[in-house]
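Chain A is the first sequence line, chain B the second, and so forth, proteins listed ahead of strands; every chain is numbered from 1.
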Protein chains: 2
Amino acid sequence: MKDITLKEIATKLGISITTVSKALKNYPDVSAKTKKAVIDLAQTLHYTPNSFAVNLRTKESKTIGLIIPEVVHHFFSNVVNAIIDEAEKNGYLVIILQSNESLELEKKQVELLINKRVDGIIMSLSNESNNDDHIKEIIRRNIPFVMFDKINKLTTCSKVIINDQKAAFNAVQHLIDTGCKRIVHIRGPLNPQNSIDRYIGYKKALEKNHIPFDAKLVYTCEKVAFEEGFAFARQIITEHPDVDGIFAITDLVAVGVLTYFNDNDIKIPEQVAIIGFSNWFMSQVLTPKLSSVEQPSHEMGVQSFALLLEEMICHKEGLHYTPRTVELQTCNIIRESTVKP
Amino acid sequence: MKDITLKEIATKLGISITTVSKALKNYPDVSAKTKKAVIDLAQTLHYTPNSFAVNLRTKESKTIGLIIPEVVHHFFSNVVNAIIDEAEKNGYLVIILQSNESLELEKKQVELLINKRVDGIIMSLSNESNNDDHIKEIIRRNIPFVMFDKINKLTTCSKVIINDQKAAFNAVQHLIDTGCKRIVHIRGPLNPQNSIDRYIGYKKALEKNHIPFDAKLVYTCEKVAFEEGFAFARQIITEHPDVDGIFAITDLVAVGVLTYFNDNDIKIPEQVAIIGFSNWFMSQVLTPKLSSVEQPSHEMGVQSFALLLEEMICHKEGLHYTPRTVELQTCNIIRESTVKP
DNA sequence: CTGAAAGCGCTTACAG
DNA sequence: CTGAAAGCGCTTACAG
């Protein structure tokens, strides 16, 4: 099937390409009669403008790129959901790529998006990434750019974040309020900013409450996986039978702990209370229901796109844009896993 | 920041655009010396070809479109994950859109993708969709097209499916094997093919085992949501206290049932056994762990892209392509919710 | 109100 | 080995 072009319509009607183009774009300087003829024929022939040519002329593709660690993840899929919908409402399509937490893949993907000449890029960094060359290249090329959640503080660009230190502090404070005295933190990898910040929040809460910090009570995930939570649970209960509270970097890991404890008849929260992070859907249907920190994933997506749109508009009009940082609120969602009867 | 073009490189080196283009594409008829000079300068200037111009010339965008009901869904996010990764390996990017189960949105999205001139489209239909005009338009335009999971039988295109009738039959047969005699089916909406097929599988299993079919034991979801499962559970236990088994259209609904039963001290599986569908991640961590039908989501994504790629290659070379249907295997995953002690 | 012409940045058949 | 030229399908400043 050959695609219909302006030229064909013009030939069929015996008028110029210029006039056809103007008629379809509803320019005021085309007679009503010509306009109607053109629009009718275009409809009959199922004409749709060749976006490749339009892109080349207008120098924009009305497409943005989105790189996240992985889509099969409660938090990220919710952000993706919001970004896709917001973008569509504003006439943009979204190309999605997954770094799978690999810096190497992420670099390649940034390159792909730059080559593709997307109008803007939204990103949440992989666990291995920092202010690396590929990020600098986005900035150097002056491509509208927003980072969310897993960000790098040194990069000058718009950001949508939560206050991970404060959120973690509040989660641990809650454990302490319910009577916990020996609190484990299962943290994320050493590199990502949010895993560092949650760790700091944990330490600050201990300090504030005059509970001595014990480095042996900190366990570090590599993958931030269910299986790690499960394995750490066994290790914790063997190495530190006196532990009475656990703050996990994310619900998935907390669920691993909870599953091990359930399987081995360790009472939650009577023996050990557990609180996770991000409030995954499943947390509310587990037994016991898991306490967690609510992270506004949908709103993060909405705000990320809104900031990117602002910047894309400035960029298009050649105006200077000053990056902004939006910080969203979090709160503790208290459920059975931390409420001692 | 202005983008570097072939022309600028050519001017700087005092050679023609043609030669620069050829050098960068490693044509054999360019001298090694010229080639080196061009490649070096291109690198220094961070040259990357303008994909808009390349698309226009080559008439392909190396981009495919993917429309699914929603990305925040265990099954679909796994398929998306596989499609993105397979596409990237083969040099394609993926634009993702969500119909949110709305036919109207889906139609608009198909139009967007056609206008965008993606090289191919992969789709899983919304609950409201059939062999409608927008689907016919894809076929009419001869755009490479694959449907997976939620398909329409009448459309002539490649498909990746499971045998929903057989899978449902086996699930219900399992309930019967464990001693269930009054079995409820919480089905999906009336329109989608897979919800019809699972319903037929349910009926066939009853028939085969000489259990009379009772239309009152069939409950119909509108949204296929957790809340519906939860509400139906209360209704079922009130209207039919003798029910001893439930087969739900998907795990999310089964989890709603399970949650209501847990909250109200109805023993699973002693009083009522439950089996879901699709084997969502959370099913293995619930109490009791939920039995389900394993649906190979990742493999569905891999196969969908593979079929699309086949068709895109034929399309590009002007060859005729005969659509194929790939049927993947399912199996029962038996867990605590159906194993009577 | 209509249209000829230039140009977006590339690729490639063709001539030399 | 190198390059002039046509053309992909559109948009738009300009002339009439």
Side-chain angles (χ1 to χ4, degrees), chain A residues 1-39 41-42 45-63 114-119 141 316-318, chain B residues 1-39 41-42 45-63 114-119 141 316-318:
Chain A
M1 252 237 8
K2 237 191 102 288
D3 283 321
I4 307 299
T5 63
L6 289 186
K7 193 172 163 191
E8 285 172 74
I9 296 179
T11 310
K12 285 224 164 97
L13 292 175
I15 58 177
S16 75
I17 294 175
T18 306
T19 305
V20 175
S21 175
K22 283 180 179 169
L24 288 172
K25 302 188 77 192
N26 204 24
Y27 274 46
D29 63 343
V30 180
S31 74
K33 198 179 131 207
T34 309
K35 217 176 261 184
K36 184 167 181 335
V38 170
I39 290 170
L41 184 58
L45 299 177
H46 299 266
Y47 171 79
T48 114
N50 184 317
S51 70
F52 301 156
V54 175
N55 291 345
L56 182 58
R57 274 296 311 220
T58 62
K59 294 183 184 302
E60 50 173 8
S61 58
K62 289 287 185 180
T63 304
I114 289 176
N115 290 353
K116 187 78 186 174
R117 281 174 161 64
V118 290
D119 296 342
R141 286 182 184 259
K316 190 172 158 182
E317 298 181 349
Chain B
M1 252 241 4
K2 235 188 103 294
D3 283 320
I4 307 298
T5 64
L6 289 186
K7 194 172 164 191
E8 285 173 74
I9 296 179
T11 311
K12 286 222 165 97
L13 292 176
I15 59 178
S16 75
I17 295 175
T18 307
T19 304
V20 174
S21 175
K22 283 179 179 169
L24 288 171
K25 302 189 74 192
N26 204 24
Y27 274 45
D29 63 342
V30 180
S31 74
K33 198 179 133 207
T34 310
K35 215 175 263 183
K36 183 168 184 336
V38 170
I39 290 170
L41 184 58
L45 299 177
H46 298 267
Y47 170 79
T48 114
N50 183 317
S51 69
F52 302 156
V54 175
N55 291 345
L56 182 58
R57 275 293 314 217
T58 61
K59 296 185 182 300
E60 48 172 11
S61 57
K62 289 287 184 180
T63 304
I114 290 177
N115 291 354
K116 187 76 185 176
R117 280 176 162 66
V118 290
D119 296 342
R141 286 183 184 260
K316 191 170 157 185
E317 298 181 347

query: Is there side-chain contact between B/K62 and A/N115, with heavy atoms separated by less than 4.5 Å?
result: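 No. Closest side-chain heavy atoms not under 4.5 Å.
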task: Specify the residue among A/I15 and A/R117 whose closest nucleotide of DNA chain C lies further upstream toward the 5′ end.
output: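 Between the two, 5'-proximity favours A/I15.
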Report which part of the nucleic acid [X] touches: base, sugar-phosphate, or nothing (heavy-atom distance under 4.0 Å, all strands).
{"X": "A/D29", "answer": "base"}
{"X": "A/T58", "answer": "nothing"}
{"X": "B/T18", "answer": "base"}
{"X": "A/K22", "answer": "base"}

query: What is the minimum heavy-atom distance between B/F52 and A/N55, and which atoms define it?
result: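 Closest pair (atom of B/F52, atom of A/N55, distance): CD1-O, 3.4 Å.
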query: For the residue pair A/K35 and A/V30, what are the closest heavy atoms and their distance?
result: CE-O, 3.8 Å
- prompt: For the side-chain contact (heavy atoms from CB on, under 4.5 Å) test, which of B/I39, B/L41, B/V38, B/T11 pairs with B/V20?
  reply: B/V38
statement: Comparing B/T19 with A/L6, nearest DNA chain D nucleotide closer to 5' gives the residue B/T19
query: With nearest nucleotides of DNA chain D determined for B/R57 and B/S31 from heavy-atom distances, which residue corresponds to the more 5′ nucleotide?
result: B/S31
- request: For DNA chain D, write out the stems as range with range, using runs of 3 or more consecutive Watson-Crick or G-U pairs with both distances under 3.5 Å.
  value: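 So far as stems of 3 or more pairs are concerned, DNA chain D shows C:1-3 with D:14-16, C:5-12 with D:5-12, C:14-16 with D:1-3.
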message: Could you tell me the boundaries of the chain A footprint on DNA chain D, defined by atoms under 4.0 Å from its heavy atoms?
response: D/dG9 to D/dC14
task: Test A/I4 against A/I9 for side-chain contact (heavy atoms from CB on, under 4.5 Å), laying out the working first.
output: CA-CA 8 Å; A/I4 307 299; A/I9 296 179; 4.1 Å; yes
task: Take A/T48 and B/R141 through the test side-chain contact (heavy atoms from CB on, under 4.5 Å) and record every step on the way to the result.
output: CA-CA 12 Å; A/T48 114; B/R141 286 183 184 260; 3.1 Å; yes
message: Using a strict threshold of under 4.0 Å (side-chain N to carboxylate O), is an ion pair present between B/D3 and A/R117?
response: yes
field: Between B/T63 and B/K116, a side-chain donor and acceptor under 3.5 Å
entry: no
